[in-house]
Amino acid sequence: MVDGIMKKYPEDMIIHILLRLPIKFIFRFKCVSKTFYTLIQSSYFINIHYNHTLTSTYDNILLKRSCKEDIERYKAVFSFISSDDEDNLNSVYPDLDVPNLLRVTSVTSDKLIDSNHGLIALMEHRTTILFNISTRNYRHLPPSPFQIPKGFYQSIKSGGFGYDSVVNDFKVFRISEVYTEDRYGYPEDGETQVEVYELGIDIWRKLDNVDQELPILFWLNSSMSYMGAYHWIASVAGANIILCFDMTTEIFRNIEMPNTSKYLKGTLYSLQLLNESLSLLCYPCLASGTDPTTDLMEIWIMKDYNIYESWIRKYTIIGLPTENPLVVWKDYILLFQSNSGYLISYDLKQDEIKELNILGCQKSMRAIIYKEFLTPIQRQS
């Protein structure tokens, strides 16, 4: 009967109907007919679905958090969050346990990275898991095969994930320093090493001729994928900059940061996406004893990408105590984790703050905005 429907109605009409269904309902059609299964699995339909979803305004929040199960054991979960007409945030799907995660230290040191193509990466220093959250498929990447020579040490500085539109593939990369130690145990003779993994061919490789004068990177510094490049907050000659890695050319470059406020006992930065533009949050380090009732948070937007003169200060906020900004949603809802571990939303337009009934270990929350794509990925059991 189902195949009869396919014969009775044009394929374009069937696709038109499928595109308006959530992915969980599209997947049900895969089970009722070989014809539907073939259509939904085809690259033709996946590409049409991608382009349709990309232009839609509907999106959700993916929240990763960790919960303590006993003294030495933690459980990481993904939570799926959306909002009603009054911007009240609620879970829209049951929580999903994160597989193969990882070590206890991952509770506060992992990275959740969006590629804007349906795949996300959850990274530790030496472990990366790629997910398509919509299809529930994932891949635990093989470890880097490159060995450090005897007598040398490796310090992994940072990592990233993104999409190369030229080769139509996803790339994971790690930046590390390989060095020796002097007779007193201090590092010397350091050399920058960049390792790149390409998903489509399942191979790690090293980059040649890496600039040895890369800015200073730290694993926990804010970073994000945007405009075909990966971006980090980095430091050079005592000043902060935005370091970029082009996913296609695999060349590094710098973007100058705006002239933000500086706080006496420490200034922190977070890269965000706001109004479809690269944005920067600047805020005081609360742990250093600053006063959240008087110190400011600034939000800057780069209206024209890679044009320094296009930086504008969009918001100045007083009295918002956070050291863990997560994401800006709908261009005016800032999510962050409180010191007590709860998820907090702050309305940038209405100056309203809400504590949500979502709890995780301190500094364990990560969040991205995601849309439901059918981007295929090999599933691992």
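- Geometrically, Lys111 engages Trp219 in a cation-pi contact, judged by NZ or CZ lying under 6.0 Å from the ring centre and within 45° of the ring axis.
- In the model, Ser144 has a side-chain atom that pairs as donor or acceptor with a side-chain atom of Glu195 under 3.5 Å.
- Defined by atom type and a distance below 3.5 Å, a donor-acceptor pair is present between the side-chain atoms of Thr248 and Asp164.
- In this structure a side-chain-to-backbone donor-acceptor pair under 3.5 Å is present from Asn221 to Ile233.
- The side chain to side chain donor-acceptor pair (under 3.5 Å) search around Lys363 returns none, not counting sequence neighbours.
- Note on ring orientation: taking the six-membered ring where Trp is involved, the planes of Phe80 and Tyr93 are perpendicular (angle over 60°, cut-offs 30° and 60°).
- Ser279 places no side-chain N or O within 3.5 Å of a backbone atom of Ile301 that could act as its donor or acceptor partner.
- In this structure, Phe131 has its ring center under 6.0 Å from that of Phe78.
- A salt bridge links Lys171 with Glu250: at least one charged nitrogen is closer than 4.0 Å to a carboxylate oxygen.
- When side chains are defined from C-beta on, Thr108 does not count as touching Leu220, because their heavy atoms never get closer than 4.5 Å.
- For Asn259, the side chain to side chain donor-acceptor pair (under 3.5 Å) criterion is met by no residue, not counting sequence neighbours.
- In this structure, Lys314 contributes its side chain and Ile312 its backbone to no donor-acceptor pair below 3.5 Å.
- For the residue pair Gln154 / Ser176, a side-chain donor-acceptor distance below 3.5 Å is found, with atom types taken as modelled.
- Scanning both residues, Leu280 and Leu271, for their nearest heavy atoms gives CD1-CD2, 3.9 Å.
- Counting all heavy atoms, side chain and backbone alike, Tyr263 lies closest to Met297 at OH-N, 4.1 Å.
- Using a 3.5 Å distance cut-off with no hydrogens or angles, the side chains of Glu191 and Gln193 do not pair a donor with an acceptor.
- By the 4.0 Å N-to-carboxylate-O rule, Asp97 lies close enough to Lys75 to be salt-bridged with it.
- Of all heavy-atom pairs between Thr322 and Tyr283, the closest is O-CD1, 3.4 Å.
- Tested against Arg174, the residues Thr128, Val194, Ile156 include a single side chain to side chain contact (heavy atoms under 4.5 Å, CB included) partner, Ile156.
- Using a cutoff of 4.0 Å between basic side-chain nitrogens and carboxylate oxygens, Asp347 and Lys354 are not scored as salt-bridged.
- No side-chain donor-acceptor contact under 3.5 Å links Thr375 to the backbone of Leu119.
- Using a 4.5 Å cut-off between side-chain heavy atoms of Ile, Leu, Val, Met, Phe, Trp and Tyr, with links allowed through other members, Ile148 and Tyr197 fall into different hydrophobic clusters.
- For the residue pair Glu298/Ser261, the side-chain donor-acceptor check at 3.5 Å is satisfied.
- For residues 223-246, the set of pairs meeting the ring pair (Phe, Tyr, Trp, His ring centres under 6.0 Å) definition, not counting sequence neighbours, comprises Phe173-Tyr230, Phe173-Trp232, Phe173-Phe245, Tyr226-Tyr305, Tyr230-Trp232, His231-Tyr305, Phe245-Phe252.
- Proximity of Val327 to Leu334: side-chain heavy atoms (C-beta onward) are nowhere separated by under 4.5 Å.
- Between the side chain of Asp169 and the backbone N or O of Gly200, at least one donor-acceptor pair lies under 3.5 Å.
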Using the salt bridge (charged side-chain N to carboxylate O under 4.0 Å, His left out) rule, take Arg65 and Asp95 through it: C-alpha gap first, then chi angles, then the decisive distance, then the call. CA-CA 10 Å; Arg65 57 197 172 105; Asp95 287 347; 2.8 Å; yes

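- Under a hydrophobic clustering in which Ile, Leu, Val, Met, Phe, Trp and Tyr are joined whenever their side-chain heavy atoms come within less than 4.5 Å, directly or via other members, Leu320 and Leu268 fall into the same cluster.
- Residues Lys262 and Thr260 are in side-chain contact: their nearest non-hydrogen atoms beyond the backbone lie under 4.5 Å apart.
- The local environment of NZ in Lys303 is sparse, with at most 12 non-hydrogen atoms from other residues, nucleotides or ligands closer than 6.0 Å.
- Geometrically, Lys206 engages Phe146 in a cation-pi contact defined by less than 6.0 Å to the ring centre and at most 45° from the axis.
- For Arg366 (side chain) and Asp110 (main-chain N/O), a donor-acceptor pair under 3.5 Å exists by modelled atom type.
- Without hydrogens or angle criteria, Asp304 side chain to Ile307 main chain gives no donor-acceptor distance under 3.5 Å.
- Closest approach of Asn254 and Asn306 over heavy atoms only: O-OD1, 4.5 Å.
- Ser338 and Ser340 form a side-chain donor-acceptor contact under 3.5 Å, judged by distance and modelled atom types alone.
- Around the OH atom of Tyr342, the shell of radius 6.0 Å holds no more than 12 heavy atoms that belong to other residues, nucleotides or ligands.
- No donor-acceptor pair closer than 3.5 Å links the side chain of Trp300 to the backbone N or O of Tyr315.
- Of the possible polar contacts, one joining the Thr38 side chain to the Lys34 backbone as a donor-acceptor pair under 3.5 Å is found.
- Although no hydrogens or angles enter the test, the distance criterion places a donor-acceptor pair under 3.5 Å between the side chain of Gln337 and the main chain of Met365.
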